[in-house]
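One-based numbering, in listed order, for ligands and for the atoms of each. FYI, the numbering just counts along the sequence from 1.
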Amino acid sequence: MTLVKNKVQVSFEFFPARTEEGGEKLIKTAQQLAGVSPEFFSVTYGAGGSTRDRTKGTVSQIIEATGIPTAPHLSCVGDTRESLRELLSNYKDQGINRIVALRGDLPSGMGRFASGHLQYANELVEFIREETGDHFHIEVAAYPEVHPQAHGMDADLANFKRKVESGATSAITQYFFNADSYFYFVDRCRKEGIDIPIVPGIMPITNYIKLARFSDACGAEMPRWIRKQLESYGDDSASIKAFGEEVITRLCERLIEGGVPALHFYSLNMAGPSLKLVQNLS
Ligand code: FAD
């Protein structure tokens, strides 16, 4: 298994493609990334369960094409208990034993979370444990810079603790650009007795406008100096990528020096940016 700086494992996240062509490209991307022997791949679940079948299909295709263990993401707000039960049993039958368990968000226009559905990720973790015992390694989300809907850092930490007490095995964080936010969050967790691995989610920088918009929505703070520098490049995408690679390589170096257990890359279905980062760190 290839390890970054000989000690840290890596994993990569994909989203299900919308078209046949996108699907073929995704499999090629996964095959390229398989070359660095990641610990696992993961495949997201569209808001409100909108990619239920595509997530399932993509997970199977990646496993078949690469042999790398692949974890489906699963969110609870758009799904009934019955459909969650069916999906879990289907994954279990396929030999899948890692899952990323989330509350998820409803797509705009879908209104309020349906009553009777599981409302928070800790309830989903509890449900998975009740239904499948210890079969799955359950990953949950963590937010070093605080989830945008949380009442505050303490409330968000209490929620994270509930997810761990419900049976989460490890966590992957929302991406961040400030290493101190991660280290502070992990310190707070350890003081609260939360001892599961907390793996930083790493977002390669490849496009300024999209990244700034997404960061605002998901509560990831882009420091002013990064915004200013990226803004100054306009549509010079080569400069954006070069600067982004330098910034994220340095961030990963600090995280590795600080003792992170692994790095999880949001690949955006592209092999190049994540591979460059892994190579820089190897
Ligand atoms: P939760 O842990 O349930 O928390 C949601 C909010 O509710 C937080 O503000 C929390 O503090 C609060 N809260 C929790 N319990 C309570 C309570 N009892 N009372 C009051 N407030 C409470 N989204 C997708 O749709 N598909 C994906 O595949 C996907 N993958 C992701 C992968 C990672 C690694 C991460 C970090 C995020 C991912 N997301 C995905 C986004 C995620 O679904 C959103 O961030 C969502 O808003 C919260 O999900 P959660 O599982 O963290 O929710």
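- The shortest contact between atom 25 (O) of ligand 1 and any protein heavy atom is with Tyr45 O, 3.4 Å.
- The part of His73 lying near ligand 1 is the side chain, judged by heavy-atom distances below 4.0 Å.
- One option in Thr44, Asp156, Leu124, Asp105 has a heavy atom closer to atom 44 (C) of ligand 1 than any other, and that option is Asp105.
- Every atom of ligand 1 with a heavy atom of Ala141 under 4.0 Å away is listed here by number and element: 35 (C), 36 (C), 52 (O).
- Among protein heavy atoms, the minimum distance from atom 17 (C) of ligand 1 is reached at Tyr120 CE1, 3.4 Å.
- Under 4.0 angstrom from ligand 1, the non-hydrogen atoms of Asn159 all belong to its side chain.
- Side-chain N or O atoms of Tyr45 include none that pairs as donor or acceptor with a backbone N or O of Val100 at under 3.5 Å.
- When heavy-atom distances to ligand 1 are checked against a 4.0 Å cut-off, Tyr143 comes that close only through its side chain, counted from C-beta outward.
- The stretch residues 206-223 participates, sequence neighbours left out, in these side-chain hydrogen bond (donor to acceptor under 3.5 Å, both in side chains) pairs: Tyr175-Ser215, Tyr208-Glu231, Asp216-Arg227.
- Counting heavy atoms under 4.0 Å from ligand 1, residue Ser75 does not touch it at all.
- Each of Glu86, Lys92, Gln94 was evaluated against Asn90; a single residue qualifies, Gln94, per the side-chain hydrogen bond (donor to acceptor under 3.5 Å, both in side chains) test.
- Counting only heavy atoms of the protein, atom 33 (C) of ligand 1 lies nearest to Tyr266 OH, 3.9 Å.
- Looking at residues two or more places apart in sequence or on another chain, you find a side chain to side chain contact (heavy atoms under 4.5 Å, CB included) between Ser237 and Lys241.
- Of the possible polar contacts, none joining the Thr169 side chain to the His137 backbone as a donor-acceptor pair under 3.5 Å is found.
- Taking only non-hydrogen atoms, the option from Arg103, His151, Glu13 nearest to atom 53 (O) of ligand 1 is Arg103.
- Nearest-residue assignment for atom 16 (C) of ligand 1 (options Lys163, Glu123, Arg162; heavy-atom criterion): Arg162.
- Remark: minimum distance from atom 43 (O) of ligand 1 to any protein heavy atom is reached at Gly104 CA, 3.0 Å.
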